[in-house]
Amino acid sequence: MNIFRLTGDLSHLAAIIILLLKIWKSRSCAGISGKSQILFAIVFTTRYLDLLSTFISLYNSCMKVIYIGCAYATVYMIYMKFRATYDGNHDSFRVEFLVVPVGGLAVLINHDFSFMEILWTFSIYLESVAILPQLFMISKTGEAETITTHYLFCLGLYRALYIFNWVWRFYFEGFFDLIAIVAGVVQTILYCDFFYLYVTKVLKGKKLSLPA
Amino acid sequence: PSRECRKDEL
């Protein structure tokens, strides 16, 4: 465990909780892509199946349970509890265009052709693109609530911190995992455009709105 | 060994 890992995990946790609180407090999931949230629930489910087979640490198990629990709670709030506020018309990204190629890639490029390993690889690839329906939704409506941008910023920051973590682990532990690194870099790149808007607009007190 | 190393990551 290094400082980048820890702050990365906490940033990820902050993002998840910000989103849950936003929906809960405003009693609305307007502007949130339910499809992205379903993809994240799939990501956590397929990656953390090892909860049932291997124990790593209390920290590890607790975080996994929290991530999975929050992911399903978010999906429940969007599609059940606050369904009336869900903006389905703008959430029109075709997720099969992500899930099918990502599934194929996980079967083709993995460390070991076993069930658990392919699921792990699938979750890594899927996570790197799971935010696309959300970004697509923002580009379609042309704006995002400030709280939604904080959520996205924390989520992007988590991935950027994980990259620093991998650099650290490569130097000090001689460890690297090419699949995780490539997927992590792709994921971070997807946020670059958003980071720019966040710094130039949201941090200066303006609402995030895109030019028409 | 890399597979064992990464198992502690979330």
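Each chain gets a letter, A, B and so on, in the order the sequences are listed, and its residues count up from 1. The basis for the numbers below is simple: all heavy atoms, side chains too, and nothing from hydrogens, waters or symmetry mates.
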Is the shortest side-chain heavy-atom distance between A:R169 and B:E9 below 4.5 Å? yes
Is A:F195 atom CZ crowded by more than 12 heavy atoms from other residues, nucleotides or ligands, each under 6.0 Å away? yes
In sequence, state the C-alpha distance, the side-chain angles, and the governing distance for B:L10 and A:Y162, and then conclude on side chain to side chain contact (heavy atoms under 4.5 Å, CB included). CA-CA 10 Å; B:L10 291 162; A:Y162 254 69; 3.7 Å; yes
Counting heavy atoms not belonging to A:F55, are there more than 12 under 6.0 Å from its CZ? yes
Let's test your reading of the structure: which of A:Y67, A:Y59, A:W120, A:Y48 forms the most heavy-atom pairs below 4.5 Å with chain B? A:W120
Check each atom of A:F44 against the heavy atoms of chain B and say whether the ones under 4.5 Å are side chain, backbone, both or neither. neither
Residue part contacting chain B, namely of A:D9, when any heavy atom lies under 4.5 Å: side chain
Residues, nucleotides or ligands: over 12 heavy atoms within 6.0 Å of A:R83 CZ: no
